[in-house]
Amino acid sequence: MTALHDHAVQPPATTSPAPVSRAGVVETLRLTGAALAPMLARGIILRRPPLVRLADRLQLDDRAVRALQASRRRHGDGPLLLRVPGRSLALVLSARDAGRVLAEGPTPFSPATREKRAALQHFQPRGVLISPPEDRPARRAWNETALQLDVPLHAQAASVAQIAAQELSGLRTAGRWDWEAFAPAWWRVVRRLTLGDAARDDEALTDLLGRLRSRANWAFLRRTDGPARAELLRRLDIYVQAAEPGSLAATVAALPADPDVHVADQIAHWLFAWDAAGIATFRALALLAGHPAHAAAVASEVDRADPVAPDLPLLRATVLESVRLWPTTLAVLRESTQDTTWAGSTVPAGTTFVITSSLAHRDDELLPDADRFAPQLWADDDAPGGTSASLWSMVPFSAGPARCPGRDLVLYTTGVALSVLTAGHRLEQAAGRRVAEGTALPRSLDHTALAYRVS
Ligand code: HEM
């Protein structure tokens, strides 16, 4: 792995720090309207389809990028403090500062911000991402071991490939599929690979999680449904105890027991996060359909691969491009646990720093490939190539000590899913906003409107 994904990641020394600025009331309102409100409205924890449609129709991510860039031109690229009554909120506007905030954690920049705690406690009160400092190390280490971070082929890789083939090849055989057909098949893959075959048809479990995620969208504004949450965690525990061979539950059962980890809470996070992986896969199909030369290279990669546990670097890069171009984590938040200093100016403890993924990944003032499909960016060991400081901002799986521990398993699983859906066929986009070579790619893409056909 390159330095970008190391725990010891340091912000690049090539650009000098810039001081903090403060937005006025009107500018705060403008930025809230253009960048923050559309993100919240779309649903941070569970997407709301009508709002996803609206974001696509109005290209809201494009508006967000332009508003943030305008503020950066006005103030410089140091953190921008907004005027929010009773809160200290700072927008991160440079790759340099994003690098710092992500690298220097969990102190002074904690991933367990109050917004995330309020949202995620609805279904995973002891999840690693919202854990207090004393509980975090054990849960983080457990997640890294169970998910096998930095291991391209997870111990369950062969089983994952088999499950993906069994559940998804029917879509290809049907010749055409849309989101309505893909999503239930994807959830069957997720339940089987996480909990075992016994969970294959347990749609009630996914529905229960969905209801709690929908409450989580409202964070502080909705009461916790304690009984429903306890029921979810209880049902997850039953599957974990059964430890069906070939599932992640079996991997988990083989780990040393530690009562402080609270396994069901960690698995509730996994199930929630697999939803993002499905969305990323579905959008990656649009990239393949719209870039025939790349699709041809992928086809020969799939032909040559080991059928039992295929290693598919071009498909990994395709999924990485999917989450770079259309990030599934709309913003990465950190909360400062002490005063922090920025080129001589001090920002008080308790400030929430917001890295908006749309700006970080689509900053066309800094990134030459911001709006193009550029799988070659990930050729260097899956980290963006080149030495430009601006590339530090391209971190769809985050960076530093809270980076996504599921990253390698996600890239493997989604790569295998794409190979099942496309192998031996020519793929075309049949519906949804066009994603085509030679045009600037849309900044908001409604995945629920996409459909594909193979011939
Ligand atoms: C497209 C799919 C995914 C993307 C883009 C993604 C991205 C991310 C990002 C950006 C974070 C950091 C969040 C933050 O700092 O607030 C994160 C954290 C995390 N992800 Fe993922 N993730 C994905 C799927 C998964 C899956 C499928 C799993 C588990 C099977 C997983 C497990 C986790 C865990 C446990 C954390 C918390 C890490 C910590 O607090 O140290 N993710 N992910």
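What you are looking at is a predicted structure, and each value in this text was computed from that prediction instead of being measured. One is the number of the first residue; the rest follow in order along the sequence. Just so you know, ligand 1 is whichever comes first in the structure, and atom 1 is the first atom listed for that ligand.
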Under a 4.0 angstrom heavy-atom cut-off, which atoms of ligand 1 come close to [X]?
X	value
K116	14 (C), 15 (O), 16 (O)
S398	10 (C), 12 (C)
N143	35 (C)

Exercise. What about W177 and W186, are their ring centers closer than 6.0 Å?
Worked result: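 Judged by ring-centre distance (under 6.0 Å), W177 and W186 do not meet the cut-off.
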[X] with [Y]: basic N within carboxylate O range, under 4.0 Å:
X	Y	value
R42	D61	yes
D265	R139	no
R443	D371	yes
R433	D56	yes
R372	D369	yes

Option set [options], criterion heavy-atom distance to [atom], minimum:
atom	options	result
atom 24 (C) of ligand 1	T329, I130, V101, V410	V410
atom 10 (C) of ligand 1	A284, A112, P396	P396
atom 40 (O) of ligand 1	R283, H269, R136	R136

Please list the nearest protein heavy atom to [atom] with its residue and the distance rounded to 0.1 Å.
atom	value
atom 43 (N) of ligand 1	C404 CB, 3.1 Å
atom 36 (C) of ligand 1	P405 CD, 3.5 Å
atom 26 (C) of ligand 1	A273 CB, 3.4 Å
atom 38 (C) of ligand 1	R140 NH1, 3.4 Å
atom 15 (O) of ligand 1	R334 NH1, 2.8 Å
atom 5 (C) of ligand 1	T328 OG1, 3.3 Å
atom 37 (C) of ligand 1	V128 CG1, 3.8 Å
atom 4 (C) of ligand 1	F397 CE2, 3.4 Å

Problem set entry | Greater than 12 external heavy atoms within 6.0 Å of W342's CH2 |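 It does: W342 CH2 has more than 12 such atoms within range.
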Problem set entry | Full working for ring-ring contact (aromatic ring centres under 6.0 Å, His included) between Y412 and H154 | CA-CA 8 Å; Y412 172 76; H154 192 278; 8.7 Å; no
Exercise. Is a side-chain donor or acceptor of T351 paired with a backbone partner of S336 at a separation under 3.5 angstrom?
Worked result: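 Not confirmed, T351 side chain does not pair with S336 backbone.
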For this session: For T251 and Q156, work out which heavy atoms get closest and say how close.
Result: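 Nearest pair, atom of T251 first, then Q156: OG1-NE2, 2.8 Å.
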Exercise. How does L147 reach ligand 1, if at all, at less than 4.0 Å between non-hydrogen atoms: by side chain, backbone, both, or neither?
Worked result: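 For L147, only side-chain atoms sit under 4.0 Å from ligand 1.
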Problem set entry | Sub-4.0 Å heavy-atom contact, V332 with ligand 1 |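 Yes.
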